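Counting begins at 1 with the first residue of the sequence. Atom set for the values below is all heavy atoms of this structure, side chains included, hydrogens, waters and symmetry mates excluded. Note that ligands are numbered from 1 as they come in the structure, with each ligand's atoms numbered from 1 the same way. Given the structure is predicted, the values throughout are model-derived calculations rather than measurements.
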Amino acid sequence: MKLDLAPEDLAFRDEVAAWVASNLPRDIAAKVHGGLRLEKSDMQRWARILGARGWHGVAWPREFGGPGWTPLQRHLFAEVCALAGAPGIVPFGPVMVAPVLMAFGTPGQQQQHLPGIMSGEVWWSQGYSEPGAGSDLASLKTRAERRGDRYIVNGQKTWTTLGQHGDWMFCLVRTSNEGSPQAGISFLLIDMKSPGVTVRPIITLDGEHTINDVFLDDVDVPVDQRVGDENAGWTCAKFLLGHERTNIADVARTKRELVRLKRIARAEGVWDDARFRDQVALLEVEVVALEMTVLRALGASGRHGARPLDVAGVLKIRGSEIQQRYTELMMLAAGPSALPFVHEAMDAGWQGDAAGLAVHCLPLAGAYFSHRKTSIYGGTNEVQRNIIARQVFGH
Ligand SMILES: Cc1cc2nc3c(=O)[nH]c(=O)nc-3n(C[C@H](O)[C@H](O)[C@H](O)COP(=O)(O)OP(=O)(O)OC[C@H]3O[C@@H](n4cnc5c(N)ncnc54)[C@H](O)[C@@H]3O)c2cc1C
């Protein structure tokens with residue numbers, strides 16, 4: 001495997017870095033580097049800036065208005081953005097539903113939805129999970145009943161990330177009870193401003209409101225907002241999950257957080273402790289190994305005729321474990337300063353009474369709690385291990 005970047009890749013990286021340096025708002029970058037709370041306005045401001053440049057849908061082909069970058073160029077773009085302190089792209093629109101629309105949507109659906117996703121104007125949510133249907137997603141019960149050219153949808157979705165901001169939600173619904181559970185599912189696009197849609201917050205361990213319950217009561221959805229054939233939604237669902245799991249590895253963000261970990265360790269004095277540095281070095285080795293795996297997968301998918309390496313599950317497991325580990329090491333580095341959980345300390349410019357503790361350490365407890373979720377969402381790590389075992393052992 002060749003590890004050096006070609007001159008054209010280096011030139012590409014320089015061009016992107018120069019653009020990011022002059023377009024990424026400093027107040028947003030300061031929040032990201034400090035591990036502070038990002039508001040909807042921060043995330044959407046950056047999405048619009050990327051959208052205006054045609055870079056919000058980084059993996060989109062040119063025919064759909066994307067930059068047509070190679071997998072390696074996308075990797076370099078993510079790295080440059082993360083190290084500069086850009087917020088991660090909210091994936092539900094540009095990374096998840098857009099490829100489904102490109103692969104399975106009608107030209108009308110593509111024209112209606114893709115421009116708003118690329119421009120960052122329209123916020124999407126993911127309506128897959130339900131109470132009682134998470135790992136066993138095909139047991140979902142939200143029902144869409146056909147009445148002429150409409151569906152009437154009833155049920156409940158849960159864990160809907162950032163659904164409080166959602167304009168639209170892509171949703172798996174049951175349209176038939178015949179045959180296997182997978183065979184009766186359809187993929188619907190639901191306008192979240194429709195009558196009968198209620199979004200209720202779920203507050204997580206870190207005290208934040210990022211996930212929600214979404215209740216659907218007699219929601220009227222035109223049949224032309226169904227993607228793919230009726231009862232063929234499982235194909236779209238699986239296609240989308242592959243994109244979600246690869247995305248979760250997020251090596252670029254991890255590399256930025258390693259820099260932050262070292263900054264905290266130096267400021268708090270533990271960097272002088274060889275045993276602490278050993279722990280950081282071990283993690284760094286794991287990050288390099290993960291990045292190599294990502295690059296190998298990208299290299300395989302870029303080679304003409306080569307079968308892409310099916311490693312989405314592996315990347316999801318290792319990526320999420322590494323993210324959890326760096327939040328643990330940050331807590332260790334900060335020691336007593338990380339112990340109090342001060343919700344307001346996540347706000348930019350908070351000047352509260354830190355009782356003599358290091359203010360920059362106070363957001364660490366929230367981040368530690370928040371990262372417990374990474375091994376659950378996008379398909380739990382236990383279930384990913386089952387899938388990998390089946391692939392390897394062939395059962
Ligand atoms: C922060 C967060 C954000 C999320 N965002 C979204 C979102 O935006 N949209 C959305 O649709 N969903 C979202 N999810 C839901 C997520 O995909 C599910 O939580 C996940 O798939 C697990 O389902 P569950 O919570 O129902 O757990 P369950 O499936 O009930 O699993 C419970 C436990 O049993 C284990 N388990 C289950 N089956 C097996 C098995 N066969 N073998 C071994 N162990 C097993 C699991 O690993 C887990 O530990 C989010 C979840 C979280 C935590």
What pairs with Trp55 under ring pair (Phe, Tyr, Trp, His ring centres under 6.0 Å), at least two apart in sequence or on another chain?
Trp19, Trp69, Phe77

Under 4.0 Å from any heavy atom of [X], which atoms of ligand 1 are there?
{"X": "Glu382", "answer": "44 (N), 47 (O), 49 (O)"}
{"X": "Thr160", "answer": "7 (C), 8 (O)"}
{"X": "Tyr128", "answer": "11 (O)"}
{"X": "Asn386", "answer": "40 (C), 41 (N), 42 (N), 43 (C)"}

Going by heavy-atom distance to [atom], choose the closest among [options].
{"atom": "atom 6 (C) of ligand 1", "options": "Trp159, Phe92, Trp124", "value": "Trp159"}
{"atom": "atom 20 (C) of ligand 1", "options": "Thr204, Ile376, Ile387", "value": "Ile376"}
{"atom": "atom 46 (C) of ligand 1", "options": "Asp136, Thr158, Val214, Thr380", "value": "Thr380"}
{"atom": "atom 16 (C) of ligand 1", "options": "Pro91, Ser129, Ser370, Gly166", "value": "Ser129"}

For ligand 1, is there an N or O atom under 3.5 Å from any N or O atom of Tyr377?
no

Under a 3.5 Å distance rule, please check whether Gln225 uses its side chain to pair with a backbone N or O of Ile190 as donor and acceptor.
no

State, without any angle test, whether Glu230 and Tyr151 hold a side-chain donor-acceptor pair at a distance under 3.5 Å.
yes

At a non-hydrogen distance cut-off of under 4.0 Å, which region of Thr161 contacts ligand 1 (side chain, backbone, both, or neither)?
both

Region of Lys373 engaging ligand 1 - heavy atom pairs below 4.0 Å
side chain

